[in-house]
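Quick notes on the structure that follows.
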Amino acid sequence: MAAVVLHGTLNLSKQQFGATAAAVNVIQHAAYSSEVRPIKKPALSQMRKGAGGRSSFNGVVATVFGSTGFLGRYVTNELGKHGTQLILPYRGDNYEVFRMKLVGDLGQVYFHPFELRDEESIRQAVKYSNVVVNLIGRDWETKNYKFNDVNVEGARRLARISREMGVEKFIHLSALNATPNPQPKMILKGSGVLRSKYFGELAVREEFPDAVILRPSIIYGLEDRWLMHHSNFIRVNGFRFPLYKKGHGITKMPVSVDDIATAIYEIIKNPDSAGKVYQAVGPHRYSLHDLMLWIMSEIRKGQEDGFSVSDLRFDPIQIAKILFFENLPGTPVAAMHRETLELEATTDVVDYSLPTLVELGMKPTPLSDQITWLLKPYHHMNYITSSVGDFDKSVHFKLLLEPLAFFHSRLW
């Protein structure tokens with residue numbers, strides 16, 4: 001009798017499970033909307049579980065390419081703290097990526113070796129995901145990877161395979177000033193990075209028409225390649241900070257790395273983001289010359305101490321240093337590379353007909369809120385115990401208010 005009851009119970013359980021699975025195959029309630037939506041990969045394992053946080057599961061399985069880079073660390077942490085299950089492809093030594101396991105609880109973060117030219121390894125990395133984020137990019141060329149190999153064909157390959165494997169949302173990181181014809185500054189043909197980023201966007205659109213493209217300005221944050229680049233002693237030439245045209249006529253809208261990470265999470269949540277292009281810029285526009293004076297003041301190398309901004313075009317010592325470090329094997333030392341200088345000398349151009357971070361419900365972080373503590377480890381004469389007034393900041397730069405007014409009108 002007991003066997004009969006047990007058998008009947010198992011049959012009833014199977015029927016209930018089948019009914020639940022059938023219901024799951026039709027609809028799923030989104031965390032960000034009261035309306036139902038069809039899901040492409042119906043499975044009980046993809047249903048939301050928990051109250052939120054790193055130990056929960058929000059129903060999103062995301063593969064993040066480029067997770068070991070500067071931006072990738074912030075993106076994976078932002079996704080992980082909201083309960084996203086992460087698949088992190090990597091190449092090289094696995095110990096370099098294993099520190100990322102802390103962004104999620106046990107069982108939330110998976111690692112998979114891959115190679116950008118190996119399509120099978122890419123398929124294995126995205127086969128269980130409903131979101132793919134491409135943060136892979138190349139700022140300088142190597143003998144193995146040129147700009148076109150990474151920023152164009154690599155992006156195309158990731159988008160195509162993601163579409164073939166049924167991925168619901170593909171997010172591609174581009175660049176704010178991406179253009180087919182960049183204006184030359186330090187390189188005769190203009191920036192190869194900006195040119196390849198532009199054609200990379202076209203390649204992604206061809207393979208994944210609903211892909212979301214994010215165009216960031218200069219990204220700053222802890223261990224970035226912008227503030228740290230200017231604070232490095234190799235970048236300094238004696239008491240001079242060389243800049244193209246002394247930074248005059250060049251304006252920048254730097255954006256916080258935390259804002260970029262939050263923007264990617266908001267794009268994943270937003271059902272209306274499919275096929276859009278978002279421009280990620282900070283709330284203020286600065287002159288590059290004033291920015292350098294600001295950085296000098298923050299690291300205690302003010303004009304009263306004899307430091308000044310010089311014109312890079314007429315500084316043969318600095319040009320020789322750039323050419324020397326550029327031809328060394330491996331990563332350019334202190335980001336001393338002509339491509340880096342070309343990007344630095346390019347003014348940020350914002351198309352205000354396209355959505356920005358404000359349309360994602362965000363308020364961009366001003367650079368003034370973070371620059372002091374970001375540059376604290378790079379203080380000149382850091383061994384001196386300073387008192388109030390010892391290192392007064394005497395820089396009074398002109399803030400260009402047009403973008404600020406634009407953001408203010410959208411926020412309020």
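The chain is numbered in sequence order, starting from 1.
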Any Leu88 side-chain heavy atom under 4.5 Å of Val109 side chain: yes

Distance-only polar pair, side chains of Ser256 and Thr365, donor-acceptor under 3.5 Å: no

Straight-line distance of Leu367 CG to Leu291 CG, nearest 0.5 Å: 6.5 Å

Validation row: Met336, Phe324 side chains within 4.5 angstrom (heavy atoms): no

Salt bridge (charged side-chain N to carboxylate O under 4.0 Å, His left out), paired with Arg160, selected from Glu119, Glu206, Glu153: Glu119

Tyr74 vs Ile260 side-chain heavy atoms within contact, under 4.5 Å: no

Full working for side-chain contact (heavy atoms from CB on, under 4.5 Å) between Tyr145 and Arg117: CA-CA 10 Å; Tyr145 287 99; Arg117 296 190 179 99; 3.5 Å; yes

Point-to-point distance, once rounded to the nearest 0.5 Å, from CG of Leu214 to CG of Leu360: 8.0 Å

Side-chain heavy atoms of Asp139 within contact of Glu339, under 4.5 Å: no

Rounded distance [0.5 Å steps], CG in Leu194 versus CG in Leu176: 9.0 Å

Residue pair Asn144 / Thr142, side-chain donor-acceptor N/O under 3.5 Å: no

Residues Arg156, Glu207: salt bridge by 4.0 Å N-O rule: yes

All ring pair (Phe, Tyr, Trp, His ring centres under 6.0 Å) counterparts of Tyr90, not counting sequence neighbours: none

Worked verdict on Arg195 versus Thr179 for side-chain contact (heavy atoms from CB on, under 4.5 Å): CA-CA 5 Å; Arg195 185 183 301 105; Thr179 174; over 6 Å; no

Side-chain donor or acceptor of Asn134 paired with backbone N/O of Phe65 under 3.5 Å: no

Mutual orientation of the aromatic rings belonging to His172 and Phe170 [parallel < 30°, tilted 30-60°, perpendicular > 60°]: parallel

NZ/NE/NH1/NH2 to OD/OE distance under 4.0 Å, Glu344 and Lys185: no

Sub-6.0 Å ring centroid separation between His230 and Phe241: no

Expected output: side-chain Ser129 to main-chain Val132 donor-acceptor under 3.5 Å: no

For Val212 against Ala274, the heavy-atom pair lying closest together: CG2-CA, 4.1 Å

Side-chain H-bond candidate by donor/acceptor type, Lys146 with Ser196, under 3.5 Å: no

Sub-4.5 Å side-chain heavy-atom contact between Val257 and Val75: no

Closest contact, heavy atoms only, Asp348 versus Ser217: OD2-OG, 2.5 Å

No-hydrogen, no-angle side-chain donor-acceptor test under 3.5 Å, Ser174 and Glu201: yes

Ile295 vs Leu375, side-chain contact (heavy atoms from CB on, under 4.5 Å): CA-CA, chis, key distance, verdict: CA-CA 8 Å; Ile295 293 173; Leu375 292 178; 4.0 Å; yes

Exam field: side chain Lys101 to backbone Gln108, donor-acceptor pair closer than 3.5 Å: no

Separation of Thr76 OG1 from Lys81 NZ (nearest 0.5 Å): 11.5 Å

For Ser121 against Glu115, the heavy-atom pair lying closest together: OG-N, 3.2 Å

Whether over 12 other heavy atoms sit under 6.0 Å from Leu202 CG: yes

For the student: nearest non-hydrogen atoms of Phe208 and Ala159, plus distance: CD1-O, 3.6 Å

Sidechain-backbone polar pair: Thr84 side chain, Gly80 backbone, donor-acceptor under 3.5 Å: no

Considering all heavy atoms, the nearest Asp210-Arg205 contact: C-NH1, 4.3 Å

Stepwise side-chain contact (heavy atoms from CB on, under 4.5 Å) test for Val133 and Ile264: CA-CA 8 Å; Val133 182; Ile264 290 177; 4.2 Å; yes

Polar contact flag, side-chain donor to acceptor under 3.5 angstrom, Thr346-Asn177: no

Short N-O contact, Glu141 and Arg138, less than 4.0 angstrom: no

Close aromatic pair by centroid cut-off 6.0 Å: Tyr286 and Trp294: yes

Greater than 12 external heavy atoms within 6.0 Å of Arg123's CZ: yes

Phe147 side chain near Val193 side chain, heavy-atom distance below 4.5 Å: yes

Main-chain N/O of Phe307 paired to Arg240 side chain as donor or acceptor, under 3.5 Å: no

Contact check, side chains of Thr68 and Glu96, non-hydrogen atoms, under 4.5 Å: no

Ser162 side chain vs Leu158 backbone, donor-acceptor pair below 3.5 Å: yes

Check: Glu342 side chain, Ile187 main-chain N or O, donor-acceptor pair, under 3.5 Å: yes

Step-by-step ring pair (Phe, Tyr, Trp, His ring centres under 6.0 Å) determination, Tyr265 to His82: CA-CA 9 Å; Tyr265 173 69; His82 291 289; 3.9 Å; yes

Separation of Leu222 CG from Arg73 CZ (nearest 0.5 Å): 8.0 Å

Check: Phe114 and Leu116 side chains under 4.5 Å, non-hydrogen atoms: yes

Where Leu79 and Ile268 come nearest, the two heavy atoms and their spacing: CD2-CD1, 3.8 Å

Point-to-point distance, once rounded to the nearest 0.5 Å, from CZ of Phe70 to OH of Tyr220: 10.0 Å

Flag for Arg285-Thr251: side-chain donor and acceptor within less than 3.5 Å: yes

Within 6.0 angstrom of Arg163 CZ, more than 12 heavy atoms from elsewhere: yes

Tyr128 ring center within less than 6.0 Å of Tyr110 ring center: no

Residues, nucleotides or ligands: over 12 heavy atoms within 6.0 Å of Leu106 CG: no

Salt bridge (charged side-chain N to carboxylate O under 4.0 Å, His left out) assessment of Glu359 paired with Lys276: CA-CA 11 Å; Glu359 275 70 23; Lys276 291 186 178 180; over 6 Å; no

Residue pairs involving residues 308-317 (criterion side chain to side chain donor-acceptor pair (under 3.5 Å); sequence neighbours excluded): Asn237-Asp315, Asp311-Arg313

Heavy atoms from other residues, nucleotides or ligands near CZ of Phe98 exceed 12 (cutoff 6.0 Å): yes

Test item: Asn148 side-chain N/O and Phe199 main-chain N/O as donor-acceptor pair under 3.5 Å: no

